[in-house]
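One-based numbering, in listed order, for ligands and for the atoms of each. Computed over heavy atoms, backbone and side chain alike; hydrogens, waters and symmetry mates excluded.
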Amino acid sequence: MKYWLVAEAYEKIEQTSKRLEMTDYLVDLLKKTPKSAIEKVVYLTQGKLYPDFTGIEIGIAEKLAVKAVAKATGRSEAEIEEDLKNTGDLGETAQKFLEKKRQVTFFPQPLTVERVYETLDKIARASGPGSMDQKINLLAGLLADAKPKEAKYIIRTVTGSLRLGIADMTVLDALAIAYGGGKDSRVILERAYNVSSDLGKVAKNVVEAGIEGLKNFKVSLGEPIRPMAAERLSSPEEILEKLGGRCIAEYKYDGERIQIHKNGGDVILFSRRLENITNQYPDVVSLVRENVVPDKVIMEAECVAVNLETGELRPFQELMHRRRKHGIREAATEYPIALFLFDVLYVDGEDLTVQPYPVRHDVLKKIITRNDRVQIAKYIITDDPKELELFFEEAIENGCEGLVCKSLSESSVYQAGSRGWLWIKYKRDYKSEMTDTVDLVVVGAFHGRGKRAGTYGALLLSAYDAKNDVFPTVCKCGSGFTDEDLEKIPQMMEPYKIPHRHPRVQSKLEADVWFEPKIVLETIGAEITLSPVHTCAMNIIREESGLAIRFPRFTGRYRTDKSAEDATTVEEIIEMYKSQLKTTQT
Ligand code: AMP
């Protein structure tokens, strides 16, 4: 196929801003494209060589492209640079200089799509020493044989500035019209695209097998499935009504969504945007190898930073340490993660995206070995708005963003690539921030794990309820302790150890070790939230809920100057809760 046809289509597409016309031009081009070149043409119209998830980019720096243009046109780099200042588009500059050159030379062999594609592919893959020169030579060779207009688009393609504005959906429309018998067939094409994220592959399939053939298009291991997304509502009542009166509510973890593809020992991880992020999470790769039983699986999880010693979830920001090229292993040790799985889309050849969620959830429960670091997203099945609300508060207090409530109906398939009412998120409509520290009493402790085995992993902390002279709990705190603190605290607490909960301590949690309320620690958190677990201010703000400190952290200050009765009071915590709402509610 002549590249000229592609360049001409680009020119027409570029000159219209109407989507319908754009689609028509694309339809013309796709109809003129032979079967063997259809994938290439589809990728090229989007300025690519492969689907995004492969991570292969043509990307040549403009400076290099200038050298290639100079070489192909027989001009100096300075001349090219000078003209570029005026045009602001190296494509146009290349076109101009080639037009001048063509007046004195013969036209060479016409460029084919195949040759353009293969040369661009070589450019994309060239690496290592000497690759710069290689790239320049390859590009210059192509330009030397190109017509001026072709050169313009080749340059724009290699420098990543093609920008024809052809969206994925426009390509699907054009394919439906050109090869699917009309626009109505787009849903079938769209589904194929949603489960493969590969427009070229979809195009090839519809051209070869027709729209009927495409109905059998299956999920494939290694090709990311476009993620399903959730709608949003703001009350448990509305959510339950929308989901037919009953739903499965899961913690909405605040981490990074990961689509896991396991093929024997090979594990690939895709981000929500379907980039390959396997390198950022060597620990996830090992966890998957060790704890996912079947050979071939596609599943989805939220990857969350955790404190392995206490099991506490950590804020999303800790995952940012993975966004780097070097030192990933160190980051993985310093900021460990856990996986909370929430869907399974494929197991050993079977496409599960067409199965209702209860079926997928059951499969999910069976195929993994659960442990501290590999878990199923915590869930309840309920038809009770009150229960949903309390589960929501618990999720927030435990470091989650809220809940994702999911349909249990027969039709609750995995809707790849779309946002629908089968999943409804329940988040808060405000954000709050805790700016002051509080002084809390140590009333209990939990045994540590991992590096904290043998010492305490977390402490149970209480505020002081002066009216009733009791100590209701307000958080479980496992952060902010230095190694020195961890050594010192058990010794410090030893004299106050008692075999059961102190009668003045109000707690719904069962600590591993209980103390007499004596020692006061200064603590700060991210915010104060409602909590069904902690007893501080129980039933005061809301029935069956107390107040808790989210993401609590020891500041390092032992308030030896304070007795337990001098600790921050319940009233003060209520005031802090109310004032943070006043200042931050939107
Ligand atoms: P949002 O990004 O606010 O639209 O919320 C959807 C996101 O919540 C998903 O993309 C996931 O990353 C995340 N998430 C956390 N926990 C779950 C869960 N249990 N089920 C589905 N999505 C979840």
*At their closest point, which heavy atom of S409 faces which heavy atom of P356, and how far apart are they?*
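In this case the closest contact between S409 and P356 is O-CB, 3.6 Å.
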
*Quick one: is the NZ or CZ of K476 closer than 6.0 Å to the six-membered ring centre of F446, and within 45° of its axis?*
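Yes, cation above the ring, under 6.0 Å and within 45°.
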
Closest protein heavy atom (residue, atom, distance) for [atom]:
| atom | value |
| --- | --- |
| atom 11 (C) of ligand 1 | E302 OE1, 3.1 Å |
| atom 19 (N) of ligand 1 | E250 OE1, 2.8 Å |
| atom 2 (O) of ligand 1 | R272 NH1, 3.0 Å |
| atom 9 (C) of ligand 1 | R257 NH1, 3.5 Å |
| atom 16 (N) of ligand 1 | Y253 N, 3.2 Å |
| atom 8 (O) of ligand 1 | K252 NZ, 3.2 Å |

*Check each of R322, R323, R273 against E256 using the salt bridge (charged side-chain N to carboxylate O under 4.0 Å, His left out) test, and report the only one that passes.*
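For E256, the salt bridge (charged side-chain N to carboxylate O under 4.0 Å, His left out) check succeeds only for R323.
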
Show which atoms of ligand 1 fall inside a sub-4.0 Å distance from at least one heavy-atom site of [X].
| X | result |
| --- | --- |
| K406 | 18 (C), 20 (N), 21 (C) |
| K425 | 1 (P), 3 (O), 4 (O), 5 (O) |
| Y251 | 16 (N), 17 (C), 18 (C), 19 (N) |
| K427 | 3 (O) |
| W423 | 21 (C) |

*Are the ring centres of Y251 and F391 closer than 6.0 Å?*
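Centroid separation for Y251 and F391: below 6.0 Å.
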
*With ring centroids as reference points, do H361 and F342 lie under 6.0 angstrom apart?*
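Centroid distance H361-F342: not below 6.0 Å, so no.
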
*With sequence neighbours excluded, residues passing salt bridge (charged side-chain N to carboxylate O under 4.0 Å, His left out) with R329*: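 Here no residue qualifies.
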
*Using the salt bridge (charged side-chain N to carboxylate O under 4.0 Å, His left out) rule, collect all pairs that involve residues 232-242, keeping only residues at least two apart or in two chains.*
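Counting only pairs at least two positions apart or across chains, no salt bridge (charged side-chain N to carboxylate O under 4.0 Å, His left out) contact touches residues 232-242.
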
*asked:* Heavy-atom distances under 4.0 Å decide this one: backbone, side chain, both or neither, for E401 against ligand 1?
replied: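 Neither; no heavy atom under 4.0 Å.
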
